[in-house]
Amino acid sequence: MTSSLKTAATEVIVHPLKLPGSPSAELSPEMKLVREALFKHVGKPIPRKEDGRLITGKGRFSDDFSLPGQTYAAIVRSPYPHARILGIDKTEALASPGVLLVLTGEDVLADGLADIPHNPVPSTNFDMKLRAKDGSKAFTGPHYLLPADKARHVGEAVAIVVAETAAEAADGAEKVFVDWRELPYVTDTAKAAEPGAPTIWDEVPDNVFIDTTFGDREGTDAAFAQADHVVKAEFHIHRVTAVTMEPRASLGHYDPETKRYTLYAGSGGAVRQKNELSKVLGIEPKDIRVLSFDVGGNFGARNRVYVEFGLVLWASRKLGRPVKYTATRSEAFLTDYQGRDLVTKVELALRKDGKFLAMRADNLSNVGGRAVSLSPLSKGSGLITGSYDIPYATLRARAVFSNTMCTQAYRSSGRPEVTYAIERMVELAADQLGFDKLELRRMNLIPPSAMPYTNAVGSVYDSGEYEKNMDRALEISEWASFDARKAEAAKRGKLLGRGFANYVESSIGTPKERAEIEIKDDGNIEVVIGTQPSGQGHETSFAQVVADMIQVPVEKVWIVLGDTDIVSVGGGSHSGRSMRHAGTVMAMASADLLGEGRKRAAELLGSAADQIDFEGGVFKLRNTNRTIDIFELGRRTRTTHGALRVVKDNEMHTPVYPNGAAVCEVEVDRDTGHVQIVRYATIDDVGRCINPLIVHGQTHGGIAQGVGQAMWELCAIDPTSGQPLSGSLMDYGMPRSDNMPSFKCEIAEVISPTNPLGIKAGGEGGTTPALATVVNAVVDALLEFGVKDIQMPVTPANVWRAMNNGRKVS
Amino acid sequence: MYATTYHKPRTLAEAVALYESSDEPTYLSGGHTLIPTLKNRLAAPQHLIDLRAIPELSGIAVTSDTVVIGAATKHAAVAASKEVKAAIPALAGLAGSIGDVQVRHMGTIGGSTANNDPAADYPSAVLSLNAILHTDRREIPADEYFQGLYTTALEPGEILVRLEFRIPDIAGYAKFRNPASRYAMAAAFVSKHRDGHVRVAITGAGNEGVFRWTEAEERLTENLTAKALDGLAIDPSRMMGDMHAPADYRAHLVTVMARRAVQNLGGTHIV
């Protein structure tokens, strides 16, 4: 097995962990300080600093901002899944009371606005390289603020109406008359890729714009030819949406004096919004300021630019007044970037004794009307073999356009999908071939001795103790005493089922991050960082890292984020990258800061830097009692040396592979098909855990999000009309406090060798195995009905249907 | 929401006069159907006449034979009423199972009954308990009141003032909730009246709204046990069907809920 990535990319990238004898390039000498740090605060369950502010209504969410003279925008949206825009008549709308401005796709072109540079193909060194069928760069469908040609999904914005009040804008929007010509449409993932499907983009007549094959095809074919057993299955990991508590909102303001734009819009990272919107508007990035403070839920849905963000900026320039847009819940259901929607066909080849020999997967990702992100397809592609040692694999990865809202990376992008496929396959194989489900897993798990391990499609798993995770998850869930609980449930007429899943996932993310740390005169430390929390508790966990390094109380450290005039570089928060990237660069910046402090202290104390010790926030001349604390040093040297402040950039490309296991027990009502989760336990190897309280909180939320998809959530579309059916909380089922059990979660810390702090990632691990774990449990509960598989979500109606079909067969 | 004018009359006469003198008026009570409809611009009444400040519409009165509840009484008040709990525990339990805490502190029994949503809870109790609906102008027996989806015997401008329930020998309510909305996907209110008759009202399931399941009533009048319902099915063509519950599943749920209501006489069973 070679160490280079087996991708369609021409360049060969050698993984740092696979370089013989050389330490990771990212372990710079100054980071020894980090390694030797006392870890005084790191690892402690410090309560979140931000909670007091948030629960007393002091959060600063996008819609909380208003500006003098502000106007309001309403959006005209397509009622059709696919329709050509023959013309748009603004006359009546413009005559409507209070209406100030109406803009359409024709105006976008006339003003020379560019499309949003989503750059959907993941591009770090270790992302799977996705291409068009002929190997060329894929056509991904330009995303203009408003389309001039046609609408490609229900809810697509086709005009913006700006008025003095929100009600007048809504009235005006009803008076914009679009001359539509309905076109044939396709919304279903598999059907969109079938020959003869309606064409979404003329540039890609068959809708399939990515078609790349990874892995060793000859090796895979040979292994399949020699296999004793082949198990096949097809799964649809259906589409869901994030349902963030705060609907997306934006307030745009153009100042003609300074010729600068300002945008208040919560997102996953203001720097990305700034850079991409500056390209849309054709201006320099310095001419736009983006503010994103508190964000009420992201889960990936807010990482990419929304058209409304560009529209309020553009409209503000046209009008000379600030323009505000706040989505309704209905608009959020229709047009928040959605998640998942992967059809996967999987084949597993096994030896007689159960050893996995090879795997084939054919993954088809539905991106919607245009490609905003291929992260789900790419992320999943690298992990199709899951936690198992499968020597050969071939993966065909395809992406298809359809007449649906665009999909985006959604909590644990791509990984729950492939985890679902492999963990369901293992169960099906065990059932069909008569193996014990757990033993079959154990036999094939990647052992710690194989780390770093290169999987059959080229991903290098950095570290992990997979079987230990499995053992511990089984133990804390009391797997062994299941039979007694099952008998007890049976007495109450309930079917008890248990499900298990292993998982391994990857965290890559934007490689660059910058930290600025300044010792303030008032005795506080200010840290500027370019990630964007939306509930993750960065203000606490990041402060813990800096407090640890500078050896001051955590209360003294303040994290500044969300204003691009202050935060100049920043990769945002996605893909579980924040703690690893921000933590590392903050630690490096802290080391630099202490180096600078040592120099200044030496000058003050009349000695050399190597004679200065640092402990407890105080510099001390060795073998004397002469000391100066870091804040005093900052104050005393400000006039001569400037602020005690450092800026540090860091770039890390090497991915990490969080991993773990989950167990779920469900009780199924045999009369109604109602499923109640009664037990849920997880083990998550997050690498170094900075704050276990926050990691557990993240895990709980992650579990709820994964369980939500497995049990209730579904972006349903009526196939006979192309209209979304679950357009509100009346029809979109969600996890709630009363339908979730109390979780038993433990953290395993296998330190990652890829970064100085040894961090992997937390938060997505709750979600990744949840879909498979829940469905495995439900299928187990329905054993006596002969149910082998069931389509998610496992709603009462679906479970009842499966039981009924089983009853008829038996 | 379109612009509308809000009124809060203090007397029945004032409310009726406002209704009759206004263009496109509508009455408002708890607003749990009306307000979301307005917010989505699916209705555009020019005048909203809030009935909740009219004294005749408030209060709970329990005698040895009847429970009388003012139409503007909130679900939470019915659920918490010691008198209602003692007289018809299934009715108090039903009220306590509607929506969530916030809904129960805004939504009213009259609003629910006047709206006659096919998935609402109260219509099943009103019909099963053979209630008399007192309006500003007449009395309407429950059997004549419900006339299909969102349709009742109320005339334009007529105000539901109070609901008079006969206290039964015993009653039970069983509900299976929609996993998303938490409205009833199928629910059965079974009551045995003092004359020995059993009335079974089904809500959440029928394609014409709440209805009496007469075949079940006949069997249960003879023998008030869940077993008496064995083998009894309901025609799926009478059922609603949607993404959460196709008609055949709803028909099945109706039989399960009827059994559970009988098994839980004197209380409720809510899933």
Side-chain angles (χ1 to χ4, degrees), chain A residues 74 97-98 165-168 170-171 173-174 243 328-331 333 493-494 667-676 708 711-719 723-739 793-805 807, chain B residues 1-4 32-33 36-42 44 97 99-103 117 119 174-188 204-205 226 229-230 236 239-261 263 269-271:
Chain A
T165 70
E168 285 170 342
D171 288 343
E174 288 182 356
V243 199
T328 62
R329 182 60 64 191
S330 305
E331 285 179 299
F333 269 107
K494 298 286 162 71
E667 232 176 61
V668 178
D669 181 337
R670 60 167 72 231
D671 290 330
T672 61
H674 180 261
V675 179
Q676 181 74 44
M711 301 268 293
W712 308 284
E713 297 182 49
L714 170 66
C715 291
I717 292 182
D718 178 358
Q723 295 293 326
L725 291 173
S726 43
S728 78
L729 290 163
M730 289 292 284
D731 289 303
Y732 192 88
M734 293 283 288
R736 308 184 189 203
S737 58
D738 72 350
N739 59 22
V794 288
T795 58
N798 283 353
V799 171
W800 178 76
R801 183 80 63 207
M803 285 195 285
N804 252 4
N805 292 342
R807 280 191 194 106
Chain B
M1 190 183 278
Y2 295 105
T4 183
H32 273 86
T33 301
T37 307
L38 297 181
K39 284 169 82 174
N40 283 320
R41 295 191 156 210
L42 297 172
S97 80
D100 56 24
V101 175
Q102 288 90 339
V103 168
D117 186 310
K175 170 163 69 166
F176 192 78
R177 292 179 299 182
N178 179 310
S181 71
R182 302 287 177 103
Y183 271 92
M185 212 146 74
L229 297 172
D230 282 358
M239 300 288 106
M240 294 189 284
D242 57 33
M243 64 175 279
H244 305 286
D248 59 341
Y249 178 54
R250 268 207 170 81
H252 167 76
L253 284 178
V254 167
T255 65
V256 176
M257 291 306 117
R259 275 204 306 275
R260 287 189 179 169
Q263 285 161 346
H269 184 282
I270 314 291
V271 179

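Here is the naming used below: chain letters follow the sequence lines, and residue numbers restart at 1 for every chain. The structure presented is a predicted model; accordingly, all values stated were derived computationally and were not measured.
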Between L714(A) and M243(B), which heavy-atom pair has the shortest distance, and what is it? CD2-CE, 4.3 Å

If I compare all heavy atoms of N40(B) with all of S330(A), which pair ends up nearest, and what's the gap? OD1-OG, 3.7 Å

Options M257(B), H244(B), R182(B), ranked by heavy-atom pairs under 4.5 Å with chain A, top entry: R182(B)

Report yes if some heavy atom in the side chain of R801(A) is under 4.5 Å from a heavy atom in the side chain of P246(B); otherwise report no. yes

Shortest non-hydrogen pair, R41(B) vs A167(A), comes out as NH2-O, 3.4 Å

Can you tell me which of E713(A), M730(A), H674(A) forms the most heavy-atom pairs within a distance under 4.5 Å of chain B? M730(A)

Quick one: does T672(A)'s side chain get under 4.5 Å of M185(B)'s, heavy atoms only? no

Chain B contact via D738(A) - which portion, at a heavy-atom distance below 4.5 Å: side chain

What part of L725(A) gets closer than 4.5 Å to chain B, counting heavy atoms only: side chain, backbone, both or neither? both

Which of T328(A), N739(A), D671(A) touches chain B most, by non-hydrogen pairs under 4.5 Å: D671(A)

Specify the closest pair of heavy atoms between R260(B) and D669(A), including all atoms of both residues, with the distance to one decimal. NH2-OD2, 2.8 Å

Run the salt-bridge test on D100(B) and R736(A) with the 4.0 Å N-O cut-off and return the result as yes or no. no

With chain A, the option among N178(B), V256(B), T255(B), D248(B) that has the most non-hydrogen atom pairs under 4.5 Å is D248(B)

Counting only non-hydrogen atoms closer than 4.5 Å, does Y249(B) touch chain A with its backbone (N, CA, C, O), its side chain (CB onward), both, or neither? both

